[in-house]
Amino acid sequence: MEAMGVSFLSTVPSLATATPPRRASRCITRAVLIRCNKIETDDVLGSGESCFRRRDVLRVAGATIGMELLASSGSFIETASAADLIQRRQRSDFLTSVKGTLTTAIEGTPDLIPSILTLALNDAMTYDQATKSGGPNGSIHFSSEISRPENKGLSAALRLLEDAKKEIDSFSKGGPISFADLIQYAAQGAIKATFLASAIRKGGGNEEKGRFLYTAFGSNGQWGLFDKQFGRTDTEEPDPEGRIPLWEKASVQQMKDKFKAIGLGPRQLAVMSAFLGPDQNATEALLATDPDVSPWVQKYQRSRETLSQTDYEVDLITTLTKLSSLGQQINYEAYTYPVPKLDLSKLKL
């Protein structure tokens with residue numbers, strides 16, 4: 001087996017705030033020339049008219065195009081209504097604020113990043129395919145579940161998120177954030193922060209250069225689907241016991257069996273090594289003893305040594321996205337709120 005490379009979590013001490021890249025939009029405008037030719041048709045035009053006026057042509061063309069659009073648009077008009085656009089903006093703004101609060105909390109306690117990752121994993125891994133129950137439903141915040149043996153050492157991470165939740169709920173206009181959403185977006189924040197820290201390390205410790213490297217070569221754009229799954233609902237009771245292995249004591253076969261039970265394989269097990277305990281190197285050393293998992297462990301170790309870490313980062317994002325949606329029905333109206341109607345009678349014209 002190859003020598004151990006730099007672990008994902010080894011970059012945590014150089015943690016810094018990540019600034020998401022901005023995308024510039026382009027709008028291309030093309031001019032269209034309309035010519036109006038003289039038409040000698042007295043029967044049609046009458047009253048001595050000898051040509052169509054430009055505005056008449058535009059009126060006819062505009063009406064025709066408008067009717068075509070109305071006829072072909074169907075349900076699209078309903079979906080893209082003003083109310084929908086307002087709700088999307090409300091959710092987007094709220095999610096941005098949530099991420100900002102979580103980033104600040106994580107930056108202040110980088111030593112809790114491994115626990116935050118395991119907290120998110122254990123909340124999601126209670127999913128049972130046979131009964132379609134469990135999953136990332138926030139059940140791990142119940143005292144009877146967080147106190148279970150498999151969740152030992154995760155209480156501090158949960159308390160950190162509970163404090164963040166109080167702050168988030170204080171500025172939310174659309175109701176309190178669910179623990180289900182809070183925990184998964186905390187994991188996202190922890191991952192982003194650690195990749196940024198890795199970029200800073202590879203930039204020689206220069207924060208500005210590290211941010212540039214992360215923006216230019218990172219895989220931030222891969223989070224799109226994950227961000228759309230905003231609106232998980234909290235369960236009202238703890239999930240059944242016995243669904244989560246004791247990761248630090250489990251054999252590789254037990255881990256493989258658990259991942260297989262929720263539709264994942266050796267590749268996903270290897271990429272989630274940072275979630276399976278506080279010592280990623282020790283976890284990967286164990287996983288590398290299995291012939292099915294070892295090739296993936298080595299692949300991701302090599303990827304972490306590269307500037308972009310693309311293979312590792314993309315697969316990690318993809319796997320977390322799937323885990324964070326197991327058994328969930330996303331409420332796409334969550335966190336929205338009524339907008340006050342404009343009283344036209346008070347307008348002075």
Side-chain angles (χ1 to χ4, degrees), residues 9 12 98-99 101-128 131-170 172 175-191 193-194 229-250 254-255 258-259 261-262 272-280 282-283 319-320 322-328:
L9 296 175
V12 169
V98 168
K99 290 182 178 182
T101 300
L102 290 172
T103 296
T104 300
I106 292 168
E107 285 180 343
T109 52
D111 56 306
L112 288 180
I113 283 181
S115 296
I116 291 173
L117 298 179
T118 306
L119 187 75
L121 177 68
N122 285 4
D123 192 43
M125 292 289 277
T126 57
Y127 180 66
D128 179 68
T131 61
K132 307 298 182 185
S133 63
N137 54 20
S139 64
I140 200 168
H141 87 276
F142 288 111
S143 59
S144 59
E145 186 166 332
I146 192 66
S147 61
R148 293 174 185 171
E150 66 268 23
N151 296 324
K152 182 180 179 181
L154 304 183
S155 295
L158 179 60
R159 286 194 297 271
L160 176 71
L161 299 190
E162 288 174 336
D163 290 340
K165 185 179 189 304
K166 292 177 183 177
E167 181 179 346
I168 292 169
D169 291 348
S170 70
S172 174
I177 188 171
S178 67
F179 275 99
D181 276 336
L182 182 74
I183 292 169
Q184 297 306 314
Y185 281 97
Q188 181 197 49
I191 289 173
T194 310
Q229 298 170 353
F230 189 42
R232 301 170 184 81
T233 302
D234 282 342
T235 185
E236 297 181 356
E237 58 185 12
D239 284 336
E241 295 187 58
R243 292 186 177 184
I244 305 294
L246 293 171
W247 300 115
E248 295 182 52
K249 296 182 179 181
Q254 289 174 319
M255 296 182 192
K258 179 57 186 177
F259 271 69
I262 60 172
M272 296 295 286
S273 60
F275 288 65
L276 301 174
D279 189 342
Q280 185 179 15
T283 300
T319 303
L320 180 61
K322 183 170 183 177
L323 278 169
S324 68
S325 62
L326 289 172
Q328 298 302 296

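I146 contributes atom CD1, which lies 9.5 Å from atom CZ of R159 (distance to the nearest 0.5 angstrom). Rounding to the nearest 0.5 Å places CG of L154 at 11.5 Å from OG of S147. To the nearest 0.5 Å, atom CD1 of residue I106 and atom CG of residue D111 are 12.0 Å apart. Atom CD of residue E248 and atom OG1 of residue T283 lie 7.5 Å apart, to the nearest 0.5 angstrom. Note that CG of L119 and CG of N151 are 7.5 Å apart. Values are rounded to the nearest 0.5 Å.
Within 6.0 Å of CD in Q229 there are more than 12 heavy atoms belonging to other residues, nucleotides or ligands.
A side-chain contact (heavy atoms from CB on, under 4.5 Å) with L102 is found for one member of L161, L160, I116 and no other, namely L161.
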Legend entry - Test side chain to side chain contact (heavy atoms under 4.5 Å, CB included) applied to W247 and L121, step by step: CA-CA 11 Å; W247 300 115; L121 177 68; 4.0 Å; yes
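Among all heavy-atom pairs drawn from S139 and P238, the shortest one is CB-CA, 4.1 Å. Considering all non-hydrogen atoms of both residues, T118 and F275 come closest at OG1-O, 2.9 Å. Considering all non-hydrogen atoms of both residues, S115 and G153 come closest at OG-O, 3.6 Å. Shown here for I140 and D123, the closest heavy-atom pair between the two residues is N-OD1, 3.3 Å.
Checked by atom type and distance alone, the side chain of S170 pairs as donor or acceptor with a backbone atom of E167 at under 3.5 Å. For N122 (side chain) and E150 (main-chain N/O), a donor-acceptor pair under 3.5 Å exists by modelled atom type. Not a single donor-acceptor pair under 3.5 Å links the side chain of S172 to the backbone N or O of I168. In this structure a side-chain-to-backbone donor-acceptor pair under 3.5 Å is missing from S324 to Q184. Of the possible polar contacts, none joining the T109 side chain to the L112 backbone as a donor-acceptor pair under 3.5 Å is found.
Two residues are said to be in side-chain contact when any heavy atoms from C-beta on lie closer than 4.5 Å; N137 and T233 fail this criterion. No side-chain heavy atom of T126 sits under 4.5 Å from any side-chain heavy atom of P240. Proximity of Y185 to F230: side-chain heavy atoms (C-beta onward) are separated by under 4.5 Å at one or more points. Using a 4.5 Å heavy-atom cutoff, the side chains of K258 and M125 are in contact. Residues K165 and P176 are in side-chain contact: their nearest non-hydrogen atoms beyond the backbone lie under 4.5 Å apart. By the 4.5 Å heavy-atom criterion applied to side chains, E145 and R148 are counted as neighbours. Two residues are said to be in side-chain contact when any heavy atoms from C-beta on lie closer than 4.5 Å; Y127 and R243 fail this criterion. A 4.5 Å side-chain heavy-atom check between L323 and M272 finds at least one atom pair inside the cut-off.
Side-chain N/O atoms of T131 and D128 include a donor and acceptor closer than 3.5 Å.
Annotation: salt bridge (charged side-chain N to carboxylate O under 4.0 Å, His left out) contacts involving residues 229-242, sequence neighbours excluded, comprise D181-R232.
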